[in-house]
Amino acid sequence: MTAIKSIDKFIQLSHDLLIARPTTTRISTTYSHKQKKRASKRSNATDAKEASADQPQQGSAVAIVKTFDPVSGVCLKLKLSKINQLNRVLSALGPRGVQVDDKQVVGFAEVLSGKKSEASA
């Protein structure tokens, strides 16, 4: 499994893998969200203060996107923690695609369907 740090590199490599093997390549996404809890102090605090201390704080959310081809054994993995990063990858999944390194990359949906969309025509 190849962990990739750059979103543009992940999009380009996934696009190339989909063009090479469109029938066997799979794309999967996993989302997890963990909430943090405040540590409650056991001092002479009132019940109201203890109740507020047990309230969850804002946690961390992580989305993992994988592109996998079982025939060639290639597995690309991208770990995302910001919503704008996830939006960019999801835009690449659609028919319009995204711009990577000053050139337009065709959307993954267009590659898989084999038809050109009106946006790219």
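Remember, predicted model here, so these are calculated numbers, not experimental data. Values reported hereafter were calculated over all heavy atoms of this structure, with side chains retained and with hydrogens, waters and symmetry mates removed.
When the side chain to side chain contact (heavy atoms under 4.5 Å, CB included) test is applied to Val89, the partners found at least two apart in sequence or on another chain are Ile7, Phe10, Val65, Leu78, Leu80. Judged as a side chain to side chain contact (heavy atoms under 4.5 Å, CB included), and not counting sequence neighbours, Ala20 has no contacts.
Both Leu13 and Leu17 belong to a single network of hydrophobic side chains, linked directly or stepwise wherever heavy atoms of I, L, V, M, F, W or Y lie under 4.5 Å apart. Residues Phe68 and Ile4 fall into different hydrophobic clusters, defined by Ile, Leu, Val, Met, Phe, Trp and Tyr side chains chained together at heavy-atom separations under 4.5 Å.
Within the structure, salt bridge (Lys or Arg N to Asp or Glu O under 4.0 Å) pairs that include any residue of residues 73-92 comprise Asp8-Arg88 (at least two apart or interchain). The stretch residues 16-31 participates, sequence neighbours left out, in these salt bridge (Lys or Arg N to Asp or Glu O under 4.0 Å) pairs: Arg21-Asp69.
The OG atom of Ser6 lies 10.5 Å from the CD atom of Gln12; values are rounded to the nearest 0.5 Å. To the nearest 0.5 Å, the span separating CG on Leu76 from NZ on Lys9 amounts to 9.5 Å.
Residues Val62 make up the rest of the hydrophobic cluster containing Ile64, defined by ILVMFWY side-chain heavy atoms closer than 4.5 Å, directly or through other members.
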